[in-house]
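Written out below as structure tokens is the structure these notes cover.
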Amino acid sequence: MPTRRSVLSGSFALAACAGAPSAPAATRPLKDLLPCPVGVCGMSGQFGDAGWRELVAREFDQFTPEWEMKMEAILRPDRSLDFSRADACADFAGRNGMRLHGHALVWYSQGAEPFAGLDKSTFARDYDRYVREVTARYRGRAVSWDVVNEPVAEDGDGLRTHHWSQSLGEIDHIRRAFDVAHEADPDAVLFLNDYNLENLPRKGAAFLRLVETLMKAGTPIHGIGTQSHLDVEIAEGQIAGFFREAAQFGLKIHVSELDASLKSDRRVDLRPDGQKRAQQAARVTELTESFMALPDDQRFAFTVWGARNSDSWLNRDARAGSGDQPLLFDASGAPTPMHGAVVAALD
Ligand code: G3I
């Protein structure tokens, strides 16, 4: 899981200090501007917020549960399954005519406790059962799944080591999850999803090597999810470079969790506000243009990780405080300069 530090650890790049585009006047809904679904993440605690609901219904046509379709919400300590939160999210998407993207079946950062101490055959049986029962439950409702989330090591040096890989194999636990999910829902578009793929070219390369390994092994992987929690201080061209490499696999590509923090992890951030916004506009423009340069059939969806700045996980971290502006709409639901950069790049 990226922390502010891991997301903002890219190299410092002096960006042009041109002023960022001003927030555009009222514009057409984002879902009418892109030739593919425009996604947003959310959680059941937001469904009662009229401002959030109206903005989401107007601007977006795909929904990713921010946390309530993960093991932390579904898997109980005795490894029984509680679908109440996940069902609430699926019902919300259905009521609002939004495509549902399932996130995420297997993640290194969750599930360790309920699976601790199990013998190998019980571990494997219940691993398969979890993937099978969750995927099957939303067959015909979730069009797609992040089957394995964040498989690559933080620094890009190989794959992560964790309870799933230690028990079922570094690659085999990944192949197994895709095979079981595909059998449970043959129509679901199955993704491998990770972050910092643009920010850290070494990690992006390691991720694509894993995709190649899985494809050569006949794994039913259909898509690449690049979370795109952008480090706006990275050099120009890194984002475009990753998309060019990723496109060559011919798979669907999902910008799955876009946000672009204006905060730096450095002790003292000397960047003037105008420079931060120019960096954000430049990188978000590069991302949008790179995504739009993909062949039509490879653009799966363009998803932002929150509707309003005030909804962002980046503003929930007590240490970092609030006040970051990483998304397309501000707390009042008005478009931000970042929204302007996306719309301008679409033009
Ligand atoms: O809302 C409940 C609250 O009712 C409850 O009292 C409290 C204590 O349990 O939990 C609250 O839910 C928290 C939720 O965020 C909303 O704040 C969960 O505990 C917490 O685990 C959850 O964190 C999410 C995190 O993934 C772990 O699932 C973040 O919202 C979410 O933004 C973050 O998203 C990840 C992606 O899945 C993968 N890529 C990185 C991204 C950012 O870390």
Side-chain angles (χ1 to χ4, degrees), residues 1-9 39-49 52 56 60 62-77 82 84-89 92 100-114 130 134 142 144-154 156 160 162 164 177 191-200 203-204 207 223-231 254-261 263 265 287 301-322 324 326-328:
M1 178 189 314
T3 59
R4 178 178 299 284
R5 178 179 301 280
S6 65
V7 166
L8 304 181
S9 59
V40 65
C41 76
M43 61 187 85
S44 59
Q46 293 167 316
F47 297 166
D49 175 341
W52 180 88
V56 166
F60 303 97
Q62 180 168 299
F63 183 69
T64 300
E66 186 160 1
W67 68 283
E68 291 166 298
M69 273 193 172
K70 296 172 186 171
M71 280 189 179
E72 66 178 301
I74 296 174
L75 186 66
R76 293 197 185 100
D82 171 4
S84 54
R85 288 182 177 272
D87 285 351
C89 289
F92 170 81
L100 176 66
H101 176 69
H103 171 77
L105 293 171
V106 174
W107 193 9
Y108 77 90
S109 74
Q110 297 189 2
E113 295 75 21
Y130 180 86
V134 176
S144 50
W145 277 98
D146 290 329
V147 175
V148 173
N149 191 44
E150 303 176 4
V152 178
E154 189 66 36
R160 291 183 189 275
H162 44 74
W164 309 124
F191 285 85
L192 189 71
N193 190 54
D194 215 329
Y195 67 92
N196 274 355
L197 304 182
E198 305 97 342
N199 298 338
L200 301 176
K203 185 171 183 181
F207 180 89
I224 286 169
T226 179
Q227 294 182 13
S228 302
H229 295 288
L230 295 184
D231 170 0
H254 184 196
V255 169
S256 58
E257 305 181 14
L258 171 59
D259 51 35
S261 174
K263 295 196 173 182
D265 211 49
L287 178 84
F302 189 91
T303 295
V304 288
W305 207 241
R308 304 162 298 188
N309 288 330
S310 47
D311 299 315
S312 173
W313 68 289
L314 292 166
N315 284 325
R316 270 185 243 134
D317 174 6
R319 285 175 296 112
S322 60
D324 203 349
L327 295 171
L328 303 180

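All ligand and atom numbering here is 1-based and tracks the order in the structure.
Taking every heavy atom of Q227 and a limit of under 4.0 angstrom, the matching atoms of ligand 1 come to 38 (C), 39 (N), 40 (C). Ligand-side atoms of ligand 1 in range of H229: 39 (N), 40 (C), 41 (C), range being under 4.0 angstrom from any heavy atom. Short contacts between ligand 1 and M43, defined as distances under 4.0 Å to a heavy atom of the residue, involve ligand atoms 16 (C). For ligand 1 and E150, the ligand atoms under 4.0 Å from any heavy atom of the residue are 38 (C), 39 (N), 40 (C). Close contacts of ligand 1 with N149, meaning ligand atoms under 4.0 Å from a residue heavy atom, involve 38 (C).
Checked by distance only, ligand 1 and W313 stay at 3.5 Å or farther apart across all their nitrogen or oxygen atoms. At least one N/O-N/O distance between E72 and ligand 1 falls below 3.5 Å. Between R85 and ligand 1, no pair of N/O atoms sits closer than 3.5 Å.
In N193, neither the side chain nor the backbone holds a heavy atom less than 4.0 Å from any atom of ligand 1.
You'll find the ring centres of Y130 and W164 outside the 6.0 Å limit.
Expressed to the nearest 0.5 Å, how far CZ of R308 lies from CG of L328 amounts to 13.5 Å.
Between E257 and the options T226, N193, T303, a side-chain contact (heavy atoms from CB on, under 4.5 Å) holds for only N193.
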